[in-house]
Engineer: 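Could you have a look at this structure, given as structure tokens, before my questions?
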Amino acid sequence: MTHSLTEEQRLLIDTARGFARQSVEPLAAQIDREESTPQSLIDKAAELGFFGLCIPAAYGGSGASLTDGCLVLEEIAKASPSFAGLLSVQMILCPWTVLRHGNPEQKQRLLPASASGERLMAYSQTEPAGAGNTAFHQTKLRADGNSWRLNGAKLFCTQGSAKTYLVWCRTLRDGQEGYGLVIVEQEAPGFQVAPYEEKLGWRGTNTGPISFQDILITPENVLGDLLTASTTHGPINQASFMGHAATSVGCAQGMFEKTLEYVKGRSLYGAPMHVLSPVSHYLAKVHNKIEACRALLYSATAQYDDGAMQKPMGSVCKDFICETAFECCNTLLQLWGGSGIMNSTGINRYFRDARTKLIAEGATEMHTSMVSADVLDLRAPVLQS
Ligand SMILES: Cc1cc2nc3c(=O)[nH]c(=O)nc-3n(C[C@H](O)[C@H](O)[C@H](O)COP(=O)(O)OP(=O)(O)OC[C@H]3O[C@@H](n4cnc5c(N)ncnc54)[C@H](O)[C@@H]3O)c2cc1C
């Protein structure tokens with residue numbers, strides 16, 4: 001750990017580590033194989049307060065910082081990067097979206113239920129035109145008296161057992177177009193979830209298409225300003241990217257620890273495997289890279305928590321850390337030889353989860369573009385307000 005931890009943070013890490021070892025690790029292979037997270041594990045995470053960790057106490061949570069959230073995600077990702085990915089969406093992206101844009105009634109309606117795990121949320125932006133290509137998105141709100149109707153379809157929505165959907169859509173008011181956010185409940189007439197697709201990694205939660213046919217959106221289900229919610233949303237995305245980077249650090253660290261144990265216990269050509277210099281060098285280099293990623297991550301989360309973020313640090317983390325973590329997992333897989341390719345060792349799920357992180361929550365290139373725009377001063381960076 002490169003930054004000093006408070007006593008509370010040490011306790012939080014101990015709790016997350018205990019949960020990861022006792023409750024997540026024994027189920028990690030099953031989660032990966034069966035492409036679902038057992039409800040018992042979700043219930044246990046809720047009981048420990050992880051869903052509500054970063055939700056203010058007034059809404060049933062613990063009011064913890066982004067740094068605290070990332071410390072927990074890192075620990076859990078060591079056992080199951082996939083389950084940590086699910087938690088990240090529930091711990092940061094969805095509740096902080098509601099906190100950012102919601103009015104008091106909406107916060108009271110959605111956040112306590114999310115903190116308790118009773119009604120988890122999903123975040124839906126991506127469409128066939130491309131995730132970031134929002135000007136070409138087809139999901140639209142049209143006025144219907146004092147309310148609206150929502151029509152369209154989304155791709156790759158990570159849902160698992162979510163019941164409340166936060167949906168981005170094109171909007172129109174007084175002839176002016178915008179990109180806004182609405183709340184859609186799973187039970188709404190006209191809402192459909194298509195069959196999930198099997199996927200390479202991050203298999204602990206279902207990701208698939210959803211669609212909306214003439215769904216009634218009443219004013220209490222519009223989150224934030226109808227036309228401009230997207231223009232003030234940047235900081236939430238940045239925080240969420242850091243959450244995902246934390247799961248990548250944990251993913252690489254978890255695979256590193258398992259690989260170290262494996263290498264120490266294996267002999268090759270009559271000698272311990274680690275005396276082969278490439279093997280020990282690979283381990284050292286992976287170790288160094290993980291340390292560098294961790295240092296960057298917690299420097300970024302501290303900037304965020306202090307309200308001092310001057311650059312799109314979430315994109316910096318997502319770009320550098322997720323890519324470096326994947327390189328680490330790729331190197332580590334090599335040390336397992338054929339055993340790493342076999343599913344029975346349970347090691348290649350780390351590699352697959354790390355690879356998935358190069359696409360989920362924005363492809364690496366999208367983050368590089370964001371950082372290069374900031375570096376070249378091509379447009380206003382996404383800052384914390
Ligand atoms: C497991 C998983 C879970 C997901 N969960 C969700 C979810 O819950 N909600 C949600 O809304 N979306 C979700 N997504 C979608 C995800 O955010 C997108 O897949 C990702 O942002 C890439 O967008 P795309 O698939 O539309 O690819 P495209 O936009 O078609 O991009 C294809 C490629 O073009 C390049 N590219 C794209 N944009 C840029 C750019 N700006 N600069 C430079 N190069 C670029 C990249 O190489 C990219 O991989 C999830 C995806 C995965 C894999």
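Scope of the values below: all heavy atoms of this structure, side chains included, with no hydrogens, waters or symmetry mates. Numbering of ligands and ligand atoms starts at 1, following listing order.
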Engineer: Applying salt bridge (charged side-chain N to carboxylate O under 4.0 Å, His left out), which residue pairs with at least one partner in residues 360-373 are found, sequence neighbours left out?
Structural biologist: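 Applying salt bridge (charged side-chain N to carboxylate O under 4.0 Å, His left out) to every pair that reaches into residues 360-373, excluding sequence neighbours, yields nothing.
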
Engineer: List the residues meeting salt bridge (Lys or Arg N to Asp or Glu O under 4.0 Å) with D32, not counting sequence neighbours, and say none if there are none.
Structural biologist: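 R203, R352.
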
Engineer: Do the side chain of S80 and the main chain of F83 share a donor and acceptor less than 3.5 angstrom apart?
Structural biologist: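 Confirmed, S80 side chain pairs with F83 backbone.
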
Engineer: Apply the hydrophobic cluster definition, ILVMFWY joined by side-chain contacts under 4.5 Å directly or through others, and give me every member besides I215.
Structural biologist: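 Joined to I215, directly or through intermediates: L141, W148, L150, Y165, V167, V182, V184, F191, V193, Y196, I210, F212, I217, V222, L226.
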
Engineer: Are more than 12 heavy atoms, taken from residues, nucleotides or ligands other than Q334, located less than 6.0 Å from that residue's CD atom?
Structural biologist: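 12 or below, so no.
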
Engineer: Any donor-acceptor pair under 3.5 Å linking the side-chain atoms of N103 with those of R109?
Structural biologist: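 No pair is found: no donor N or O on one side chain lies under 3.5 Å from an acceptor on the other.
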
Engineer: For ligand 1, list the protein residues that place a heavy atom within a distance below 4.0 Å of one of its atoms, sorted by chain and number.
Structural biologist: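 The 4.0 Å shell around ligand 1 contains Y123, S124, Q125, T126, G130, A131, F156, C157, T158, K199, W202, T207, T356, I359, A360, E361, G362, A363, E365, M366, S369.
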
